[in-house]
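The structure appears right after this line, and notes come after that.
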Amino acid sequence: MNAPVDSGPPLRGSASSPKNVLLGVTGGIAAYKTPDLVRRLTARGCTVQVVLSRGASRFVTPTTLQAVSGRRVRDDLWDDAAEDAMGHIELARWADVVLVAPATAHFLGALAAGLAGDLLQTLCLATAAPIVVAPAMNRQMWASAAVQSNCRVLTERGVRILGPAAGEQACGEHGMGRMMEPADIVDALLERRDGPLAGLKVLITAGPTREPIDPVRYITNRSSGKMGFAVAAAARAAGADVTLISGPVSLATPAGVRRIDVETAEDMYREVHRAVPGTDIFIACAAVSDYRPQTVAKEKIKRTESDMRLELVRSPDTLASVTALPNPPFTVGFAAETHDVEKHALEKLERKRVDMIAANLVGPTCGFDRETNALTVYWRGGRQHFGESTKCELAGRLIALVAERYRAERGSGTPAASRGQKPRR
Ligand code: C5P
């Protein structure tokens with residue numbers, strides 16, 4: 001639970017595009033971002049009713065929130081102006097979704113304990129609408145056993161937790177605990193019906209795999225997972241339903257993305273084949289180990305004076321196995337090369353029978369563990385070079401190109417789910 005979470009996909013059913021958003025704001029420094037959050041929600045067609053906790057107005061003024069939401073901000077359980085003087089019931093019934101951002105440690109505790117200490121806590125008990133919280137607090141507070149236990153209770157009860165994100169904190173520390181950015185909260189809350197990948201299922205692999213030698217040692221590949229995570233965020237921003245299968249990395253899950261964590265190449269193979277039925281586009285960004293130790297020692301191997309030999313066996317090639325399916329999704333592979341990038345990329349395009357391959361040069365000064373990269377993308381009959389820029393920007397351009405090629409090659413772009421794609425046996 002200490003890992004960043006988005007504990008669920010965008011709201012489904014009647015609440016898939018909630019119109020009436022009850023925004024609870026509690027007393028954390030991130031409350032200063034809530035006018036932007038309100039503005040973004042209203043721009044997407046929502047009506048926003050703000051309810052403040054006692055501490056919140058120390059960080060953001062009711063006047064500002066009233067101006068951006070166009071509605072009187074509520075903060076009092078004892079509100080004579082409310083219909084029947086029962087503001088909590090009236091608001092609880094009005095809401096299609098209750099979003100609490102930022103949600104402080106105190107508020108999460110009160111919600112988990114079922115307290116009714118103020119208007120916001122009381123209406124959370126009284127509402128039948130889904131509750132979504134975006135925690136924000138100091139990293140030690142977030143990591144504390146009490147907060148983690150409260151979050152587990154809330155998740156079990158169906159409360160959806162967005163974030164927190166990692167980064168610089170207001171207290172000067174660095175770590176997990178920042179409120180997810182308003183744009184990401186809005187994307188996670190509302191399903192996009194537009195965007196070049198709207199209605200399509202995209203499956204992405206990212207990060208390295210780890211092949212154990214014994215309980216304390218493993219073989220791995222150099223990969224931070226940054227590119228794959230950026231591609232997942234870009235696909236989600238383009239409106240896709242995204243599943244991300246990741247090896248061990250220390251990165252926050254992009255908002256609205258379903259994440260499955262794996263360790264070995266075999267785990268990755270198994271989870272990809274579990275997720276691939278119904279997938280429209282498969283993008284393999286992971287740096288998968290090609291070999292694994294033939295046997296894994298149960299106990300730590302002791303050092304001796306002599307040399308040691310490891311017997312390695314081939315791991316399954318996930319990407320090649322997906323393109324070999326009877327009715328494969330549109331597939332995009334990655335080729336990280338230290339030399340002859342074009343030659344190896346074109347060879348891989350054919351050998352792995354992928355629809356597109358994104359190639360980049362890797363080495364001590366480029367590719368790995370950096371914020372920037374450059375890519376050349378090849379497909380049968382075309383190529384496009386994207387010069388050096390941030391992995392986020394590159395991912396956005398790559399996704400736009402993938403959407404274009406997908407439409408060109410798969411015609412109408414009818415989603416796999418409606419084409420009746422057969423699961424692999
Ligand atoms: O052959 P090479 O490993 O360079 O191919 C790279 C592409 O194949 C990447 O897209 C990578 O994610 C994928 N791959 C895979 N399973 C493997 C090895 C590579 O999916 N075992």
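In each ligand, atom 1 is the first atom listed, and ligand 1 is the first ligand listed.
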For this session: Check the surroundings of atom NE2 in H344: do more than 12 heavy atoms from other residues, nucleotides or ligands lie under 6.0 Å from it?
Result: yes
For this session: Compute the shortest N/O to N/O distance between S289 and ligand 1 and return yes if it is under 3.5 Å, no if not.
Result: no
Exercise. Has S315 got any heavy atom lying under 4.0 angstrom from an atom of ligand 1?
Worked result: no
Problem set entry | Option with minimal heavy-atom separation from atom 21 (N) of ligand 1, where the choices are A265, A359, P316 | P316
For this session: Write out all pairs satisfying ring-ring contact (aromatic ring centres under 6.0 Å, His included) with one or both partners inside residues 20-40, taking only residues at least two apart or from two chains.
Result: none
Exercise. Charged N to carboxylate O under 4.0 angstrom, D307 versus R309?
Worked result: no
For this session: Looking only at distances, please establish whether an N/O atom of ligand 1 is found under 3.5 Å from an N/O atom of F334.
Result: yes
Problem set entry | Residue, atom name and distance, where the atom is the protein heavy atom closest to atom 17 (C) of ligand 1 | V288 CB, 3.5 Å
Exercise. Of I204, T205, V202, which meets side-chain contact (heavy atoms from CB on, under 4.5 Å) against F282?
Worked result: T205
For this session: Before signing off on this row, confirm whether A284 and ligand 1 have an N or O atom pair separated by under 3.5 Å.
Result: yes
Exercise. If you measure every N/O of L319 against every N/O of ligand 1, is any gap under 3.5 Å?
Worked result: yes
Exercise. Just wondering, more than 12 heavy atoms not from R157 lying within 6.0 Å of its CZ?
Worked result: yes
Problem set entry | Polar contact flag for K352 and ligand 1 (N/O pairs, less than 3.5 Å) | yes
Exercise. Is there at least one pair of N or O atoms, one from A286 and one from ligand 1, spaced under 3.5 Å apart?
Worked result: yes
Problem set entry | Any N/O pair E337/ligand 1 closer than 3.5 Å | no
